[in-house]
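Positions are given from 1 along the sequence. One-based numbering, in listed order, for ligands and for the atoms of each.
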Amino acid sequence: MSYKYTVADRFLRYVQIDTQADPESTSSPSSEKQKNLSKLLAEELREMGVDKVEVDEYGYVYASLDSNSDKKDIPKIFFAAHVDTAPDASGTGVKPIVHKNYQGGDIVLPDDNSVVIRESEFPMLKDKIGHDLITASGKTLLGADDKSGVAGIMDAANYLITHPEVKHGVVNFLFTPDEEVGRGTEKVDLKKLNSDFGYTLDSGEIGHFEYENFSADAATITIQGVSAHPGYAKDKMESAIKIASEIVARLPKYTLTPEVTTGMQGFVHPVKIEGVLEEATVVFIIRDFDSEKLEVYEKMLQSIMDDVMLGYPNSKAKLEVKKQYRNMKDHLTKHPHIIDYAIEAIKQAGVEPVVGKIRGGTDGAMLSEMGMPTPNMFSGQYGIHSKKEWTSIQEMQKAVDVVVNIVKIAEEKA
Ligand SMILES: [Zn+2]
């Protein structure tokens with residue numbers, strides 16, 4: 001496209017606004033300062049001339065661009081990114097640095113020479129010769145996760161408004177708080193979003209597109225032991241602490257555990273153990289790409305528990321399973337065009353699509369679970385959640401092209 005992109009300017013502006021999420025907080029948003037960026041985005045969208053813009057009390061931004069096409073059944077598509085940054089590194093006083101026309105080699109950050117973005121750690125750097133890279137200065141994270149996505153979506157909105165000859169249906173924009181503390185979709189209003197499907201721009205490398213993620217359950221084992229005075233406990237006491245430990249000790253060690261699994265392999269992972277003599281609980285997360293396998297793992301857990309309990313006839317244990325989210329693929333295979341549009345749009349931008357799988361969840365996975373199919377697409381983020389975070393201006397521009405291409409393709413195919 002021969003277009004004067006605004007994505008880099010926007011990105012440099014947005015990363016200087018501190019939007020770090022607070023994992024300790026229970027309010028929404030978790031940190032009030034996230035709203036500073038939400039408000040700015042709403043202001044900029046209004047200035048651009050986007051038809052409907054709203055920021056709600058939780059810091060979500062909903063915006064909508066009307067259709068400019070005569071066609072009636074174009075799907076309503078939304079694009080989403082999160083405004084918050086990770087709690088893992090400071091987001092206060094971010095000083096973005098543009099490294100124009102990168103010529104290879106390690107990048108030493110000026111405010112702390114011990115922070116070095118090394119080619120050995122980021123082998124993809126060798127493909128970025130000639131790119132304009134952006135890093136932080138050494139004292140903070142950069143916030144490419146996910147302000148590259150935010151800036152990309154904002155620039156795509158700007159493109160569509162300044163190019164009325166590009167025909168499109170209703171295009172919606174969603175900016176969310178608190179993704180980094182796992183609460184990004186907690187207060188989302190699907191009525192306001194008013195879309196048929198959408199895409200999050202929250203993935204790393206150029207061309208990456210993800211419509212598969214772990215299916216996830218949480219399981220809790222609660223144990224009631226038998227307490228007694230330790231001096232007179234013979235043949236009476238059954239310690240809930242020991243029962244819990246025995247259950248954990250019997251979990252598989254060489255399969256089904258995060259330390260030894262990769263690719264498509266799932267796991268059963270104890271994340272919390274708590275207890276006293278009388279009562280103990282063990283919390284597990286259960287993950288696999290194949291949703292049906294979760295039940296298999298849960299049966300295994302149940303049989304380990306039942307087996308251990310045979311040694312404690314006067315104690316009780318129960319296993320409770322809570323559904324968390326499912327592989328987006330379960331929802332998306334019913335709507336293959338959502339995947340096809342994205343793959344085609346990436347190709348049209350002159351980029352090789354790389355279909356990946358997420359060994360975790362995303363906001364899109366939660367939205368898909370809520371009935372709003374939402375795969376995830378690259379926006380140009382590397383070394384996320386750290387002071388070594390960086391991005392490439394050229395790749396952020398490609399993400400803008402892909403967004404524009406998706407709405408074009410959806411109009412053409414309607
Ligand atoms: Zn992110």
Side-chain angles (χ1 to χ4, degrees), residues 7 10-11 14-15 17-23 29-31 33-34 37-38 41 58-61 78-91 94 96 122 124 134-136 140-156 173-188 198-214 216 325 328 342 354 356-369 374-392 395-396 398-400 402-403:
V7 63
R10 291 180 191 280
F11 179 79
Y14 304 157
V15 296
I17 299 169
D18 182 358
T19 55
Q20 190 178 53
D22 178 1
S30 70
S31 56
K33 60 190 175 186
Q34 295 178 56
L37 180 52
S38 297
L41 296 174
Y58 311 113
Y60 288 76
V61 183
F78 75 93
F79 296 91
H82 62 90
V83 297
D84 61 308
T85 59
D88 313 65
S90 168
V94 174
F122 300 99
M124 70 290 281
I134 305 176
T135 67
T140 66
L141 50 64
L142 175 64
D145 176 10
D146 184 24
K147 288 168 185 172
S148 59
V150 173
I153 292 169
M154 291 292 288
D155 196 12
F173 308 103
L174 172 68
F175 299 108
T176 60
D178 288 332
E179 191 270 351
E180 299 291 2
V181 289
R183 295 169 55 208
T185 55
E186 203 175 83
K187 301 278 183 189
V188 74
Y199 302 87
T200 48
L201 270 76
D202 192 15
S203 179
E205 291 185 47
I206 179 111
H208 273 232
F209 177 66
E210 294 143 350
Y211 62 88
E212 277 212 63
N213 60 277
F214 271 153
Y325 50 83
M328 279 189 268
V354 184
K357 296 182 173 69
I358 310 164
R359 286 179 63 80
T362 66
D363 274 357
M366 298 304 290
L367 287 166
S368 299
E369 188 63 36
T374 314
N376 188 30
M377 204 171 64
F378 77 94
S379 58
Q381 350 174 329
Y382 300 89
I384 58 170
H385 299 194
S386 81
K387 294 175 188 170
K388 297 179 190 173
E389 199 178 10
W390 57 278
T391 186
S392 149
E395 291 186 8
M396 288 198 291
K398 286 295 182 190
V400 176
V402 174
V403 171

Self-check item: Heavy-atom closest pair, residues Tyr325 and Met366
Solution: CD2-SD, 3.5 Å

Quiz item: Honestly, is Lys187 close enough over Tyr58, meaning NZ or CZ under 6.0 Å from the six-membered ring centre and within 45° of the axis?
Solution: yes

Exercise. Kindly assign one of parallel, tilted or perpendicular to the pair Tyr199 and Phe79, based on the angle between their ring planes and the thresholds 30° and 60°.
Key: parallel

Exercise. Could you grab the distance from atom CD1 of Ile206 to atom OH of Tyr382, nearest 0.5 Å is fine?
Key: 6.5 Å

Quiz prompt | Partner of His82 by side chain to side chain donor-acceptor pair (under 3.5 Å), out of Thr362, Asp145, Asp363 | solution = Asp145

Self-check item: Every N, O or S from the protein that is nearer than 2.8 Å to the Zn ion (ligand 1)
Solution: His82 NE2, Asp145 OD1, Asp202 OD1, Asp202 OD2

Quiz prompt | Residue list, side chain to side chain donor-acceptor pair (under 3.5 Å) with Asp178, at least two apart or on another chain | solution = Ser30, Gln34

